[in-house]
Protein chains: 2
Amino acid sequence: MPRITSVEVIDVRFPTSLTSDGSDAMNKDGDYSAAYVVLHTDDPALTGHGFTFTIGRGNDLCAAAAAQRGRPLVGREVDDLCADLGGIYRELQSDTQLRWLGPDKGVVHLALAAVMNAVWDLAARRAGKPLWRLLADMSPEELVAAADLRYLSDVLTPEQAVALLADREPGRAQRIKELEAGGYPCYTTSAGWLGYSDDKLRRLCEEAVAAGYKHVKLKVGADLTDDIRRCGIARDVLGPDGHLMIDANQVWDVPEAIAWVRALAPFNPLWIEEPTHPDDVLGHAAIRRAVAPIGVATGEHGMNRVLFKQLFQAGAIDYCQLDAARLGSVNEVLAVYLLAASFDVPVCPHAGGVGLCELVQHLAIFDYVAVSGSLDGRVTEYVDHLHEHFTDPCIVKNGAYRLPSLPGYSAELRRPSLATYTFPTGSYWASRGSAESVA
Amino acid sequence: MPRITSVEVIDVRFPTSLTSDGSDAMNKDGDYSAAYVVLHTDDPALTGHGFTFTIGRGNDLCAAAAAQRGRPLVGREVDDLCADLGGIYRELQSDTQLRWLGPDKGVVHLALAAVMNAVWDLAARRAGKPLWRLLADMSPEELVAAADLRYLSDVLTPEQAVALLADREPGRAQRIKELEAGGYPCYTTSAGWLGYSDDKLRRLCEEAVAAGYKHVKLKVGADLTDDIRRCGIARDVLGPDGHLMIDANQVWDVPEAIAWVRALAPFNPLWIEEPTHPDDVLGHAAIRRAVAPIGVATGEHGMNRVLFKQLFQAGAIDYCQLDAARLGSVNEVLAVYLLAASFDVPVCPHAGGVGLCELVQHLAIFDYVAVSGSLDGRVTEYVDHLHEHFTDPCIVKNGAYRLPSLPGYSAELRRPSLATYTFPTGSYWASRGSAESVA
């Protein structure tokens with residue numbers, strides 16, 4: 001019976017700020033980074049890999065927090081953890097001294113995500129299944145036992161959650177077949193970073209359409225004149241039937257958001273993403289009322305299930321963009337998917353960064369198979385950066401994620417990549433004299 | 001012209017879990033801690049002191065984050081900082097890579113509070129005034145320039161904030177005289193920690209009444225039968241006219257909160273504090289509607305001004321309990337006081353922990369003098385622990401804070417205390433072999 005022998009934590013940073021990849025109105029110079037966790041066992045063939053995603057400075061804080069979060073795992077039997085994935089989550093989450101630093105938010109919560117993502121990866125590997133299938137093979141009762149439903153009972157009790165999942169259980173096998181044939185639909189953000197020139201924007205939009213994408217997303221919010229010109233280019237390439245999404249990355253106050261989005265309404269955007277501060281539930285609700293029929297999307301900075309509960313209660317969003325490395329791993333992601341299904345709001349997970357695409361493909365597939373049972377209005381983000389650093393990179397064809405087939409959560413980074421990009425000792429950073437940021 | 005030469009950051013932990021001081025239904029074994037910041041200048045007589053408060057594990061994360069937050073201060077001229085306290089706040093706050101780890105919440109925000117608290121202490125010392133007087137001597141325009149009003153303009157514009165302060169400016173001198181005579185009213189929590197026996201509870205309540213307190217607060221939420229018995233003891237000692245407050249420290253879901261508080265209604269509590277998760281604006285609003293006329297209070301885990309804006313918008317609370325070391329220092333505290341005044345909600349700051357009383361006395365005094373202009377429904381927390389470690393401890397007489405008179409924010413810890421309680425190298429912790437928690 002394998003046992004966890006150590007928790008390895010690595011601060012990994014990629015110098016993405018050099019090329020303006022990932023640039024937007026709020027985040028001008030991010031170095032995409034992972035606080036990366038490896039659970040080692042006394043079976044050398046059995047490991048667990050997980051991470052949370054950051055954009056550079058402070059990744060060391062997440063790594064240090066992950067080391068603290070992971071400490072209780074050492075010595076545990078892997079099969080005990082696999083038998084009660086809700087129990088180990090609640091145990092790690094409920095450290096009362098660390099809880100004070102959130103609760104359920106910020107560095108300590110990102111670190112919980114990193115550690116529990118590694119536990120879920122380990123569980124899926126132990127079962128010999130990709131994570132999406134591990135979840136799809138669980139009963140409604142097992143899924144609800146793993147989900148973090150605390151503080152949600154005013155809108156969703158465990159009994160209601162079981163009933164929802166049981167209602168959709170019969171179609172699981174059929175839906176898996178559908179996805180095995182066509183994949184899970186995605187859209188691309190790679191075209192629209194704010195730091196790109198107009199020519200590069202047009203060329204990347206054309207390439208996206210040629211590659212089969214029906215959706216393209218642009219970053220907006222730095223300069224309205226630029227935004228009008230750039231949205232015109234994208235709409236021109238997409239034609240009237242393509243879907244254009246716009247993303248302001250939280251730069252506006254509520255009144256400014258309403259005015260700016262109305263000025264871009266002629267380009268018929270499908271949604272405005274992150275129009276204001278991510279904690280502002282009532283602000284998003286006000287914006288949504290004011291800019292309809294343009295939809296409101298948010299969630300990549302959605303800190304926890306309690307925030308999402310309120311976004312749904314307040315009718316604040318049309319699209320839920322949960323983040324697999326910001327929420328407390330699969331346990332809290334499950335809760336948000338269940339809430340979304342009960343409020344009939346489509347979930348279009350946030351991805352990109354480093355490794356987020358690898359994670360969210362599993363979640364989106366599972367959602368269709370077992371929770372929402374629907375693809376209506378659902379499209380998962382895809383960004384074509386940094387996949388080469390993963391041992392089991394996601395595969396996208398014709399605008400759709402192909403189903404992962406290897407055991408685990410697709411979260412493992414290649415050792416040569418770690419040797420190069422570990423901060424500050426990896427060969428890349430050491431050669432630069434360990435400057436904290438390359439930009 | 002003095003210049004900042006270094007930012008010293010110290011992880012200080014007091015072994016309060018040994019005596020159940022601070023025990024409640026959520027936080028059973030806290031070791032009250034400070035991530036403590038000292039700004040040194042090239043004038044040995046001029047330093048700035050600040051901290052954020054935690055309850056033990058993870059205090060090192062806040063200290064590490066404070067070191068990063070404080071780095072841009074080195075080399076700055078003190079008088080430049082003092083001339084634009086809003087500018088330096090925005091500069092430190094807007095580090096985009098660290099922002100990703102919040103934004104405006106969790107470890108990176110606690111660290112911003114620690115560093116900016118030290119900047120405000122430095123500014124008050126440079127001016128030769130206690131912090132409350134530094135603020136009370138600022139014009140409405142200067143105060144609004146220092147306040148963090150971003151993301152609030154849907155309910156409070158800078159112009160409206162200036163008008164509010166200008167309206168209350170004429171009475172400032174008179175209100176200072178009143179407080180110099182009578183002090184600022186406070187209540188005590190020292191009687192009601194959950195770990196105390198019934199006999200100790202009764203004795204401490206009797207001592208509080210004898211010391212002039214009109215308010216006593218009890219921790220509740222672990223066991224309803226115990227709570228009914230303990231509230232009965234407190235009400236018996238207080239008599240029908242004393243104010244009994246109860247505090248659940250976030251242990252309940254919304255429906256449970258409503259049922260439990262209704263069961264304690266016969267003891268006529270003034271407020272129920274932290275009935276559920278601190279992020280749950282709509283949950284607090286639902287609880288408030290259900291338990292009226294019992295008031296709802298929250299705020300010690302209120303992560304930022306955007307949360308407080310929504311608590312006010314939703315009519316979710318009767319009492320705002322902002323925290324001086326969790327919000328982004330005086331800059332964000334100012335914003336919450338302005339919001340509260342514009343919504344006519346009394347602010348009763350959270351205190352206790354280590355050093356929070358020393359800080360909030362300045363804020364409450366300033367609020368009466370320059371913002372709310374009212375003491376109605378206002379009472380500031382006071383807990384009689386750990387004051388002996390400060391060079392300028394708060395002074396409470398007849399249930400009221402006396403006005404601090406020394407220059408600064410009263411945030412300086414005594415060097416012998418640091419030598420003893422620095423973690424893990426101080427003499428106390430070194431003698432215990434650096435166990436992370438004493439409980």
Side-chain angles (χ1 to χ4, degrees), chain A residues 26-31 33 53-62 64-65 68 95-111 149-155 250 252-256 276-283 286 301 303-304 306-307 309-310 313-314 436-437, chain B residues 26-31 33 53-62 64-65 68 95-111 149-155 250 252-256 276-283 286 301 303-304 306-307 309-310 313-314 436-437:
Chain A
M26 182 66 82
N27 309 297
K28 295 179 175 58
D29 59 352
D31 286 328
S33 302
F53 165 64
T54 83
I55 63 171
R57 279 186 296 283
N59 199 51
D60 53 330
L61 302 172
C62 291
Q68 294 192 35
D95 181 309
T96 58
Q97 296 188 8
L98 292 179
R99 188 183 187 278
W100 188 267
L101 308 180
D104 304 330
K105 61 180 71 73
V107 167
V108 294
H109 204 56
L110 295 166
L149 298 181
R150 190 170 183 191
Y151 296 118
L152 308 182
S153 66
D154 48 333
V155 303
Q250 317 170 18
W252 300 316
D253 275 32
V254 172
E256 194 181 14
T276 190
H277 197 285
D279 303 340
D280 198 348
V281 172
L282 301 179
H301 266 94
M303 58 189 163
N304 59 37
V306 177
L307 181 80
K309 177 181 75 167
Q310 295 177 85
Q313 284 178 293
E436 177 105 31
S437 174
Chain B
M26 183 65 82
N27 310 296
K28 295 179 174 59
D29 60 351
D31 285 328
S33 302
F53 166 63
T54 82
I55 62 171
R57 281 186 296 280
N59 199 52
D60 53 330
L61 302 171
C62 292
Q68 295 192 37
D95 181 307
T96 59
Q97 296 188 8
L98 292 179
R99 187 183 187 280
W100 188 268
L101 308 181
D104 304 331
K105 61 179 70 73
V107 167
V108 294
H109 204 55
L110 295 165
L149 298 181
R150 190 170 184 190
Y151 296 119
L152 307 183
S153 66
D154 47 333
V155 303
Q250 316 170 19
W252 299 317
D253 275 31
V254 172
E256 194 181 14
T276 190
H277 197 284
D279 304 340
D280 197 347
V281 172
L282 301 179
H301 266 93
M303 57 189 164
N304 59 38
V306 176
L307 180 81
K309 177 181 75 165
Q310 295 177 87
Q313 285 177 292
E436 177 104 31
S437 173

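Keep in mind that this is a model prediction, so the values were computed, not measured. To find a chain, count down the sequence lines: A is the first, B the second, and so on, and within it residues start at 1.
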Trainee: Among B:Leu307, B:Asn304, B:Thr96, which has the most heavy-atom pairs under 4.5 Å with chain A?
Mentor: B:Thr96

Trainee: Could you tell me which of B:Pro278, B:Ala314, B:Pro103 has the largest number of non-hydrogen atom pairs under 4.5 Å with chain A?
Mentor: B:Pro103

Trainee: Examine whether an atom of B:Leu110 lies under 4.5 Å from a heavy atom of chain A, and if so say whether it belongs to the side chain, the backbone or both; otherwise answer neither.
Mentor: side chain

Trainee: Tell me whether B:Asp253 contacts the main-chain N or O of B:Pro255 through its side chain, where contact means a donor paired with an acceptor under 3.5 Å.
Mentor: no

Trainee: Side-chain contact test, heavy atoms from C-beta onward, threshold under 4.5 Å: evaluate it for A:Thr54 versus B:Leu101 and give yes or no.
Mentor: yes

Trainee: Distance-only, no hydrogens or angles: does the B:Gln310 side chain make a donor-acceptor pair with backbone N or O of A:Asp279 under 3.5 Å?
Mentor: yes

Trainee: Applying side chain to side chain donor-acceptor pair (under 3.5 Å), can you list everything that pairs with A:Asp280, at least two apart in sequence or on another chain?
Mentor: B:Lys309

Trainee: Let's test your reading of the structure: which of A:Asn59, A:Val281, A:Leu152 forms the most heavy-atom pairs below 4.5 Å with chain B?
Mentor: A:Val281

Trainee: Under a 4.5 Å cutoff for heavy-atom pairs, which residue among B:Asp95, B:Asp104, B:Leu282, B:Thr276 has the most contacts with chain A?
Mentor: B:Leu282

Trainee: Report yes if the side chains of A:Gln97 and A:Gln68 come closer than 4.5 Å at any heavy-atom pair, otherwise no.
Mentor: no

Trainee: Quick one: what part of A:Val155 sits under 4.5 Å from any heavy atom of chain B, side chain, backbone, both or neither?
Mentor: neither

Trainee: Could you look at B:Glu256 and say if it's the side chain, the backbone, both or neither that has a heavy atom under 4.5 Å from chain A?
Mentor: neither

Trainee: Only counting residues at least two apart or in another chain, list the ones meeting ring-ring contact (aromatic ring centres under 6.0 Å, His included) with A:Trp100.
Mentor: B:Phe53, B:His301

Trainee: Which one, A:Gly106, A:Ser153, A:Gly102, leads in non-hydrogen pairs under 4.5 Å with chain B?
Mentor: A:Ser153

Trainee: Of all the heavy-atom pairs spanning B:Val254 and B:Gly283, show the shortest one and how long it is.
Mentor: CG2-CA, 3.7 Å

Trainee: Contact part of A:Ala286 toward chain B, heavy-atom cut-off under 4.5 Å: side chain, backbone, both or neither?
Mentor: neither

